[in-house]
A.B. asks: 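Provided herewith is a single structure, encoded as structure tokens, for subsequent inquiry.
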Amino acid sequence: MLDAKLIRAKPEMVEAALEKRNISGALDRFIVLDEERRAILGKVEELKGFRNNASMEVGRMKKQGIEPEALMEQVRQVGMEIKALDDQLKAIEDNLENILLNIPNLPHESVPVGLDESANVEVRRWGDPRSFDFEPKAHWDLGPELDILDFERAAKLSGARFTVYKGAGARLERAVINFYLDVHTGQHGYREILPPFMVSADCMTGTGQLPKFAEDMFKVEGREMYLVPTAEVPLTNLYREEILDGAQLPIYLTAYTPCFRAEAGSHGRDTRGVIRQHQFNKVELVKITDPDHSYDELEKLTADAERVLQLLGLPYRVVLLSTGDMGFSSAKTYDLEVWMPSYQAYKEISSCSNCEDFQARRANIRFRPDAKSRPQYAHTLNGSGVAVGRTVAAILENYQEADGSVVIPEVLRPYMGGLEVMIPV
RNA sequence: GGAGAGAUGGCCGAGUCGGCUGAAGGCGCUCGCCUGCUAAGCGAGUAGACGGGCUUAAACCUGUCUCGAGGGUUCGAAUCCCUCUCUCUCCGCCA
């Protein structure tokens, strides 16, 4: 959520920033309503001031035995006026809030401006894609041949966009989860959290999924609860409605959760394999920081996510997303893209964002820099550290051999009971 | 699922028959004083939101709102009524 005071003070500046995200005229109605709100607010506060004084006067009169009925009648009239104005005010404020909740974050000045992903900027690459002396297979062929991924039976259970992991596949998925959590907690200083996988609508609003993207999520029938689309939601909302001690910052959190996404509007895209699923596993990184350090922290968080890919020996590149490709809540986002032989392309495996105070304002996450200062909004960051299903797919494809076997990356072998290679049945 | 209790400021905790209670008291914290050091002691201060004034800004001054949430009664509600949410205790059930 943008700062209403900022919009009021510098509407052209905000407007210009939103133009970069290809949004125009979003503020017109807000500005009109905002002025209206303040006009009514002034009036209603004045009337309430009168009522407060008059009510006290009534009490005094009664004590002195003076008949207060005339004054009481007057206040009754004022009370009706107040009620009418309060109703108007409520309607306007709901409206204003609704407008604000639907406006995306402003892009940071370092973000390239563009309409879509074609304006993204590659920042760096790590590792060289392997050149195969045979025709490499896609993971959706390798997996069934190894008897570790079962798409057909998954469809029988749950329909399209689900996968059943079997045997070494199931263990590999679990190994990657544990490996990621161990690296981030052991080497990068994150605290492990195991949050609920269902959260309230308030949480979804706090991080920006609601109200705009309701159709992307799975809602629990008959309840105001949603399956988490990413651990970013429960992790960031942990400190909702709190004023943190500045000395606590920065807070580093990591969590494994399954992620549930409706994938509305992506029919026909990535239909094969585990790339786009209704349910997938992810280890997430979240930071709560003060505004002065959030961009340094974004670089560090991105490096933390990169680190696990390096340890796995998976080639990747880092891409700075353009204004047209960024998520709703983000001010700046780096995507990590892992090399996928089946696509002959780099495929997103992580997205690391600084949301600045956008989510903090929605979720009311504040901190007090020191005992004497006023509370201010924290900055929130999140990044995949990294997507687990896509990692397994990348391992299968990048570590395959001519005979269809797949070598287990060394760092994962302790998690696999020492298993070094998976062989087709 | 059944029965009961409760939700007040950073924390604990008081609020009588509704009327200077945004809230006693204590703890904590901040600033100052005092004291070889520490501890103790003394004094002052210490919620948030939204407006208005002043200001480059902050500080400051001022108004309104907030005692789990929402609604109602009343001239006036932390205090009375209704609905909801959450927490705790006991019983039952259950991974």
Side-chain angles (χ1 to χ4, degrees), chain A residues 1-10 13 30-101 194-206 220 222-226 234 237-249 251 288 291-292 357 360-378:
Chain A
M1 192 154 68
L2 301 183
D3 181 3
K5 285 178 186 155
L6 180 69
I7 297 175
R8 203 180 293 149
K10 299 175 178 172
M13 192 271 263
F30 178 89
I31 291 166
V32 172
L33 285 172
D34 182 58
E35 268 171 43
E36 212 175 307
R37 170 178 173 265
R38 276 180 295 159
I40 295 176
L41 190 62
K43 220 182 296 174
V44 100
E45 284 188 356
E46 195 182 325
L47 292 177
K48 284 179 178 174
F50 168 78
R51 181 174 67 182
N52 288 344
N53 290 328
S55 293
M56 271 175 12
E57 183 58 24
V58 167
R60 240 172 277 144
M61 289 166 82
K62 279 190 170 175
K63 217 172 269 179
Q64 292 169 23
I66 305 169
E67 172 55 50
E69 184 50 46
L71 184 54
M72 280 163 65
E73 177 53 28
Q74 199 187 342
V75 179
R76 237 187 304 256
Q77 295 304 320
V78 170
M80 277 153 58
E81 256 184 275
I82 289 172
K83 182 136 176 42
L85 288 172
D86 266 344
D87 288 347
Q88 277 184 50
L89 203 57
K90 176 86 166 57
I92 290 171
E93 283 175 348
D94 286 351
N95 221 323
L96 281 168
E97 203 198 356
N98 194 47
I99 291 171
L100 281 185
L101 286 176
L194 183 59
F197 301 160
M198 284 192 255
V199 296
S200 68
D202 284 341
C203 288
M204 288 297 189
T205 304
V220 178
R223 287 174 181 263
E224 284 301 309
M225 298 277 282
Y226 296 81
N237 278 287
L238 270 183
Y239 297 103
R240 198 151 59 84
E241 308 291 340
E242 289 192 33
I243 298 173
L244 301 164
D245 181 351
Q248 286 178 258
L249 303 183
I251 295 170
I288 317 279
D292 293 335
D357 64 7
R361 185 169 276 112
R362 289 174 161 247
N364 203 19
I365 303 167
R366 292 174 292 172
F367 76 101
R368 211 182 288 276
D370 55 82
K372 296 167 98 174
S373 40
R374 308 194 69 78
Q376 57 177 283
Y377 288 110

A.B. asks: In terms of side-chain geometry, is the basic nitrogen of A:Glu93 or A:Lys90 positioned less than 4.0 Å from the acidic oxygen of its partner?
C.D. replies: no
A.B. asks: By the 4.0 Å heavy-atom rule, please label A:Lys5 as base, sugar-phosphate, or nothing.
C.D. replies: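 Sugar-phosphate only.
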A.B. asks: Across all strands shown, which nucleotide pairs with B:C50 by Watson-Crick or G-U wobble geometry, both distances under 3.5 Å?
C.D. replies: B:G63
A.B. asks: Which value, rounded to the nearest 0.5 Å, describes the distance between A:Ile82 atom CD1 and A:Glu45 atom CD?
C.D. replies: 11.0 Å
A.B. asks: Hey, does A:Gly42 reach any base, or is it just sugar-phosphate, or nothing, if we go heavy atoms under 4.0 Å?
C.D. replies: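 It contacts nothing in the nucleic acid.
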A.B. asks: Could you tell me the Watson-Crick or G-U partner of B:C17, where both distances fall under 3.5 Å? Say none if there is no partner.
C.D. replies: none
A.B. asks: Please report the distance, rounded to the nearest Å, between CD in A:Gln376 and C1' in B:G48.
C.D. replies: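 Rounded to whole Å, this separation is 15 Å.
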A.B. asks: Strictly by Watson-Crick or wobble contacts shorter than 3.5 Å, is anything paired with B:U89, and which nucleotide is it?
C.D. replies: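 Paired with B:U89, as far as the under-3.5 Å criterion goes, is B:A3.
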A.B. asks: How many whole angstroms separate atom NZ of A:Lys62 from atom C1' of B:C20?
C.D. replies: 17 Å
A.B. asks: Could you check how far CG of A:Asp34 sits from P of B:C50, rounded to whole Å?
C.D. replies: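 After rounding, the gap between these two atoms is 12 Å.
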A.B. asks: Between B:G19 and B:U62, how far apart are the two P atoms, rounded to whole Å?
C.D. replies: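 Result for the P pair: 25 Å, nearest Å.
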A.B. asks: At what distance, to the nearest 0.5 angstrom, does CZ of A:Arg76 lie from CD of A:Glu73?
C.D. replies: 4.5 Å
A.B. asks: Among the nucleotides B:G19, B:C65, B:C50, which one has an atom lying closest to any side-chain atom of A:Glu45?
C.D. replies: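 Shortest atom-to-atom distance from the side chain points to B:C50.
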A.B. asks: Is there a side-chain polar atom (N or O) of A:Arg38 under 4.0 Å from OP1 or OP2 of B:G52?
C.D. replies: yes
A.B. asks: Taking only the side-chain heavy atoms of A:Val58 (C-beta and beyond), determine which of B:G19, B:U64, B:G48 contains the nearest atom.
C.D. replies: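 Of all the options, the side chain of A:Val58 is nearest to B:G19.
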A.B. asks: For A:Leu71, answer base if it contacts any base atom (sugar-phosphate contacts may also be present), sugar-phosphate if it contacts only those atoms, and nothing otherwise; contact means non-hydrogen atoms under 4.0 Å.
C.D. replies: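 No contact at all - A:Leu71 keeps every heavy atom at 4.0 Å or more from the nucleic acid.
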A.B. asks: At under 4.0 Å, does any side-chain N or O of A:Lys83 touch on OP1 or OP2 of B:G72?
C.D. replies: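 Yes, A:Lys83 has a side-chain N/O under 4.0 Å of OP1/OP2 on B:G72.
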A.B. asks: Answer yes or no: does a side-chain N or O of A:Arg51 lie under 4.0 Å from OP1 or OP2 of B:C75?
C.D. replies: no
A.B. asks: With a 4.0 Å limit, can you tell me whether A:Arg366 has a side-chain N or O closer than that to the phosphate oxygens OP1/OP2 of B:G48?
C.D. replies: no
A.B. asks: Counting only Watson-Crick pairs (N1-N3 plus N6-O4 or O6-N4) and G-U wobbles (N1-O2, O6-N3), all under 3.5 Å, who is the partner of B:A95?
C.D. replies: none
A.B. asks: With rounding to the nearest 0.5 angstrom, report the CD to CG distance, A:Gln376 to A:Asp357.
C.D. replies: 9.5 Å
A.B. asks: Going by purine N1 to pyrimidine N3 plus the second Watson-Crick contact, or the G-U wobble pair, all under 3.5 Å, which nucleotide sits opposite B:U55?
C.D. replies: none
A.B. asks: Measuring only the C1' atom in each nucleotide, how far is B:G41 from B:A47? A whole number of Å is fine.
C.D. replies: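 Taking atom C1' in both B:G41 and B:A47, they lie 28 Å apart.
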A.B. asks: Look through every strand shown and name the nucleotide pairing with B:C33 as Watson-Crick or G-U wobble, where both distances are under 3.5 Å.
C.D. replies: B:G41
A.B. asks: To the nearest Å, how far apart are A:Met56 CE and B:C20 C1'?
C.D. replies: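 In whole Å, B:C20 C1' and A:Met56 CE are 5 Å from each other.
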A.B. asks: Within a 6.0 Å radius of atom CE on A:Met198, are there more than 12 heavy atoms belonging to other residues, nucleotides or ligands?
C.D. replies: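 For A:Met198, atom CE is not crowded (no more than 12 foreign heavy atoms under 6.0 Å).
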A.B. asks: According to the Watson-Crick and G-U wobble definitions, with both distances under 3.5 Å, which nucleotide is paired to B:G76?
C.D. replies: none
A.B. asks: Please classify the nucleic acid contact of A:Pro375 as base, sugar-phosphate, or nothing, using heavy-atom distances under 4.0 Å.
C.D. replies: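 Touches sugar-phosphate only.
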A.B. asks: So, is A:Arg374 close to the B:A49 phosphate, meaning a side-chain N or O under 4.0 Å from OP1 or OP2?
C.D. replies: yes
A.B. asks: Would you please confirm or rule out a distance under 4.0 Å between OP1 or OP2 of B:C75 and any side-chain N or O of A:Asn53?
C.D. replies: no
A.B. asks: If I take atom CG in residue A:Asp370 and atom C1' in nucleotide B:C29, what distance separates them, rounded to the nearest angstrom?
C.D. replies: 12 Å
A.B. asks: Hey, what do you get for CD (A:Glu36) to CD (A:Gln88), rounding to the nearest 0.5 Å?
C.D. replies: 7.5 Å
A.B. asks: Tell me the interatomic distance from A:Glu241, atom CD, to B:G10, atom P, rounded to whole angstroms.
C.D. replies: 13 Å
A.B. asks: Can you tell me, in whole Å, how much space there is between the C1' of B:A39 and that of B:A24?
C.D. replies: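 The answer is 30 Å between these two C1' atoms.
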A.B. asks: Between B:A78 and B:G9, how far apart are the two P atoms, rounded to whole Å?
C.D. replies: 14 Å
A.B. asks: How far does CD1 of A:Ile66 sit from CD of A:Glu57, to the nearest 0.5 angstrom?
C.D. replies: 7.5 Å
A.B. asks: Starting at the 5' end of RNA chain B and moving along, which residue's nearest nucleotide shows up first, A:Ile243 or A:Gly49?
C.D. replies: A:Ile243
A.B. asks: Using the P atom in both, what is the distance from B:C11 to B:G71, to the nearest Å?
C.D. replies: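 Approximately 25 Å lies between the P atom of B:C11 and that of B:G71.
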A.B. asks: Taking atom C1' in both B:C84 and B:C17, what distance in whole Å separates the two?
C.D. replies: 30 Å
A.B. asks: Of A:Glu73 and A:Arg8, whose nearest nucleotide on RNA chain B comes first from the 5' end?
C.D. replies: A:Arg8
A.B. asks: With respect to the phosphate group of B:U64, does any side-chain polar atom (N or O) of A:Asn52 fall under 4.0 Å of OP1 or OP2?
C.D. replies: yes
A.B. asks: Got a second to check how far A:Glu97's CD is from A:Leu33's CG, nearest 0.5 Å?
C.D. replies: 13.0 Å
A.B. asks: Rounded to the Å, how far apart are A:Glu93 CD and B:U66 P?
C.D. replies: 13 Å
A.B. asks: Expressed as a whole number of Å, how far does the P atom of B:G68 sit from that of B:U8?
C.D. replies: 6 Å
A.B. asks: Let me know the distance between OH of A:Tyr377 and C1' of B:A49, rounded to the nearest Å.
C.D. replies: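 Rounded to the whole Å, the gap is 9 Å.
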A.B. asks: Find the partner of B:G9: check Watson-Crick (N1-N3 plus N6-O4 or O6-N4) and G-U wobble (N1-O2, O6-N3) distances, both under 3.5 Å, and reply none if neither fits.
C.D. replies: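 Across all strands, not a single nucleotide pairs with B:G9.
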A.B. asks: Roughly how far apart, to the nearest Å, are B:C81 and B:C86 at atom P?
C.D. replies: 22 Å
A.B. asks: Checking all strands, does A:Arg37 fall into the base, sugar-phosphate, or nothing category for heavy-atom contacts under 4.0 angstrom?
C.D. replies: sugar-phosphate
